[in-house]
Amino acid sequence: MAEMVFLRSPQGDEIKEIEATAEKLSPWMSSGWHQVPAPAAAQKPVVVAEEEKQHG
Amino acid sequence: MANISELLNGWGFGKQTAIGTANLVATIWRHTNLNTKPWAKVPVNEDDRAEIGKGHEFPTQLFKSHYNMPAYELSKYASSEFLAWALSFSMGNVVVSGSGPYVYTIVPALGATNPTGLELPYFSFVQQIRPGGSAVLDEMLVGCAVKGWKLSIKNSPGRASAMCAVECVTTGQYTSPSGITLPAISTPHEFNAGMISALTFNGINYLTGGSAKQFVSMEASWENNFRPGFFPGSGAQDGYQIQGRFEWGDRAFAVQFVVRVQAGSTEYANLINLTTGTATFTMTRDVNNSFTMLIQKMGFNVAELGNTDGIVTLQITGVQLYDPTNGMVTMTVTTPLQGICQ
């Protein structure tokens with residue numbers, strides 16, 4: 001399984017866990033999402049699978 | 001007196017926390033440089049020749065004006081760590097994964113969403129000749145940024161077949177002596193053109209397609225076109241005004257390459273038909289050191305017939321289009337070095 005990284009939305013109000021491959025990261029990074037450290041376990045966000053549909 | 005070969009260069013592989021806050025020594029590496037010049041400091045004075053009321057047209061006084069720091073080139077054989085550094089500091093949006101080797105995924109930051117607006121990460125640059133009590137040169141330039149880079153790949157033997165030149169700018173702020181004890185010189189993991197493992201531009205595979213002997217050379221470059229950073233409150237050094245920011249202007253990403261012409265070459269057709277496609281360029285040294293430039297949407301702007309060393313060639317000028325989903329370009333560098341641009 002590919003490693004996952006955490007990205008924060010440009011607005012700073014959302015964190016998603018994304019697979020760390022160029023193909024998966026490109027749409028998010030290109031729309032302004034930035035890497036952040038892994039959040040505390042209690043605040044761990046939903047894995048991005050569903051949201052990926054928005055970005056093809 | 002000192003020979004220029006005594007010049008030691010070190011610079012921040014990690015980013016400064018602010019433009020005026022120098023790198024700590026733990027985030028500075030030391031590398032060789034094919035540019036044989038030191039980074040000159042150029043304080044500029046002005047005078048009062050334009051002011052009337054003196055009774056004559058001649059200048060009578062000198063005034064300190066500003067530090068007009070020239071751009072400085074770091075010229076090196078392309079290596080995994082140097083490419084990771086140059087691309088991260090020039091483009092700004094970096095994601096790091098892995099636990100050794102480390103994978104750096106890099107895209108150009110957008111002004112609308114970049115946490116630092118139009119500014120890229122800053123680093124410090126150390127140059128020394130015989131550092132210590134009787135140093136010939138020992139200074140640290142603070143607030144440096146990558147203005148642009150050029151990656152050159154060509155048909156030739158050895159490390160010179162894959163070169164990366166990085167143009168840097170700096171604010172004018174410095175400390176001398178630097179107070180830095182440079183680490184041992186780094187041994188970069190260098191590439192050469194023989195390590196190209198993927199080479200497909202706009203649907204044409206130049207590595208395994210056609211005769212597989214078509215590719216001659218490529219130049220890719222990035223330019224941030226920084227705006228001047230003098231503004232009210234930008235700061236001073238030795239009584240001279242310094243720049244307090246480097247904001248990118250209209251950035252430019254250029255790719256040109258030369259290929260041999262053969263029967264069935266489709267470059268003209270791609271140009272005339274406005275065909276676009278991805279472009280993938282990969283160099284792989286080993287599992288710990290690789291570089292991929294993935295251009296999300298490339299078309300051909302110019303396809304000029306010519307000759308290279310007697311062989312009929314086409315020089316292609318690509319036009320890199322911004323894809324609404326994937327952006328313009330994604331750089332991926334795998335390297336053993338941790339903490340680059342972090």
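Note on naming: letters A, B, ... go to the chains in the order of the sequence lines (proteins, then strands), and numbering restarts at 1 for each one.
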- Where on B/Asn114 is there a heavy atom nearer than 4.5 Å to chain A: the side chain, the backbone, both, or neither? both
- With side chain to side chain contact (heavy atoms under 4.5 Å, CB included) as the test, would you mind laying out the steps for B/Asn326 and A/Ser30 before giving the verdict? CA-CA 6 Å; B/Asn326 292 314; A/Ser30 295; 5.5 Å; no
For residues 98-113 of chain B, which side-chain N or O atoms pair as donor and acceptor with protein atoms under 3.5 Å away, sequence neighbours left out?
from	atom 1	to	atom 2	distance (Å)
B/Tyr102	OH	B/Gln338	OE1	3.2
B/Tyr104	OH	B/Leu337	O	2.8
B/Tyr104	OH	B/Gly339	N	3.1
B/Tyr104	OH	B/Ile340	N	3.1

- Task: Return the option, out of B/Thr332, B/Val94, B/Asp323, B/Thr292, with the maximum number of heavy-atom pairs under 4.5 Å with chain A.
- Result: B/Val94
- Go through the atoms of B/Val329 and report whether side chain, backbone, both or neither lie under 4.5 Å from a heavy atom of chain A. neither
- If you round to the nearest 0.5 Å, how far is CE of A/Met29 from CE of B/Met91? 10.5 Å
- More than 12 heavy atoms from other groups under 6.0 Å of CZ on B/Arg251: yes
- Message: For B/Asp250, is the CG atom crowded, meaning more than 12 foreign heavy atoms sit under 6.0 Å from it?
- Response: no
- Item | Part of B/Ser97 within contact of chain A (heavy atom distance under 4.5 Å) | both
- Message: If you apply the rule side chain to side chain contact (heavy atoms under 4.5 Å, CB included), what do you find for B/Val95 with A/Leu7, and how did you get there?
- Response: CA-CA 9 Å; B/Val95 167; A/Leu7 302 187; 3.6 Å; yes
- Within residues 81-88 of chain B, residues adjacent to chain A where the heavy-atom gap is under 4.5 Å: none
